[in-house]
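Values reported hereafter were calculated over all heavy atoms of this structure, with side chains retained and with hydrogens, waters and symmetry mates removed. All residue numbers refer to positions in the sequence shown, counting from 1. Keep in mind that what you see is a predicted model, and the values were worked out from it rather than measured.
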Amino acid sequence: MGKLTVRALRAVLVVVLAGTVFVQALMLWALISGNDPEDGSLPLTPLRVITILGIGTAQVAMVCVWHLVTMVRRGTVFSHAAFRYVDAIIGAIVAAALVWFAVTALNAPGQRDDPGVTVIMGGVGLAILGVALIVLVLRALLAQAVARDVEAAEMQAELDEVV
């Protein structure tokens with residue numbers, strides 16, 4: 001991975017992470033201060049809590065991507081240490097799907113006249129779970145690469161002993 005790519009990715013991660021922290025702070029402030037009274041159309045307090053948690057799942061994934069990019073730059077990504085970050089990303093994606101299903105459940109009573117919206121939202125939640133499955137497949141590929149790397153190192157050590 002080139003230096004420009006790494007710098008660009010890190011710049012994007014910093015900007016998005018800063019933006020999400022700002023939005024979380026605003027949501028938390030609105031929750032604590034009570035400056036935005038609910039008008040009864042939507043349950044705003046649960047939605048705010050769910051939004052804060054949902055943003056947190058994205059933040060966990062971004063921090064893990066940061067660590068993985070660091071490992072790529074150092075040439076250590078094909079190690080067992082990378083699995084910790086990949087597993088955390090999978091967990092964050094599954095948590096995001098659960099958060100989305102909670103939003104869907106909160107929104108469903110207001111959609112009794114048009115249940116298609118709830119069905120579409122449920123489909124989006126399934127799509128988010130699909131992303132977790134894709135990352136799980138990529139984790140399996142990483143496991144194969146780590147196994148090949150260990151095998152290659154063992155063969156190199158044997159070859160060094162022979163020579």
Original post:
What is the minimum heavy-atom distance between Gly54 and Val99, and which atoms define it?
Top reply: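 So the two residues come closest at CA-CG1, 3.8 Å.
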
Is there a continuous path of hydrophobic side-chain contacts, each under 4.5 Å between heavy atoms, that joins [X] to [Y]?
{"X": "Val60", "Y": "Phe22", "value": "no"}
{"X": "Leu142", "Y": "Ile90", "value": "yes"}
{"X": "Val12", "Y": "Val23", "value": "yes"}
{"X": "Leu26", "Y": "Trp29", "value": "no"}
{"X": "Val21", "Y": "Ile55", "value": "no"}

Original post:
Quick one: are Val65 and Leu9 in side-chain contact, heavy atoms under 4.5 Å?
Top reply: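 In contact.
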
Using 0.5 Å steps for rounding, measure from the [atom1] atom of [X] to the [atom2] atom of [Y].
{"X": "Leu31", "Y": "Leu47", "atom1": "CG", "atom2": "CG", "result": "10.5 Å"}
{"X": "Met27", "Y": "Leu53", "atom1": "CE", "atom2": "CG", "result": "11.0 Å"}
{"X": "Thr51", "Y": "Gln24", "atom1": "OG1", "atom2": "CD", "result": "10.0 Å"}

Please tabulate, for side-chain N and O atoms in residues 68-86, each donor-acceptor pair with protein atoms closer than 3.5 Å (sequence neighbours left out).
{"residue": "Thr70", "atom": "OG1", "partner": "Arg10", "partner atom": "NH2", "Å": "2.8"}
{"residue": "Thr70", "atom": "OG1", "partner": "Trp66", "partner atom": "O", "Å": "3.0"}
{"residue": "Arg73", "atom": "NH1", "partner": "Met1", "partner atom": "O", "Å": "2.9"}
{"residue": "Thr76", "atom": "OG1", "partner": "Met71", "partner atom": "O", "Å": "3.4"}
{"residue": "Ser79", "atom": "OG", "partner": "Thr76", "partner atom": "O", "Å": "2.7"}

**OP:** Among Thr20, Ile89, Val14, Thr57, find the residue that satisfies the side chain to side chain contact (heavy atoms under 4.5 Å, CB included) test when tested with Met62.
**Re:**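 Of the listed options, the one satisfying the test is Thr20.
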
Which pairs would a plain distance check flag for residues 108-136, meaning a side-chain donor or acceptor within less than 3.5 Å of a matching protein atom at least two apart in sequence or in another chain?
none

Original post:
What pairs meet the salt bridge (charged side-chain N to carboxylate O under 4.0 Å, His left out) rule with one or both residues in residues 50-65, with sequence neighbours excluded?
Top reply: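 Output for this query is empty, none listed.
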
Original post:
Restricting to pairs with a member in residues 116-135, which pass salt bridge (charged side-chain N to carboxylate O under 4.0 Å, His left out), not counting sequence neighbours?
Top reply: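 Sorted result for residues 116-135: empty, none.
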
Distance-only criterion, 3.5 Å: show the donor-acceptor pairs between side-chain atoms of residues 154-163 and protein atoms not counting sequence neighbours.
{"residue": "Gln156", "atom": "NE2", "partner": "Asp160", "partner atom": "OD1", "Å": "3.0"}

**OP:** Apply salt bridge (Lys or Arg N to Asp or Glu O under 4.0 Å) to Asp87 and list each qualifying residue two or more places apart in sequence or on a separate chain.
**Re:**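 Checked Asp87 against salt bridge (Lys or Arg N to Asp or Glu O under 4.0 Å); matches are Arg139.
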
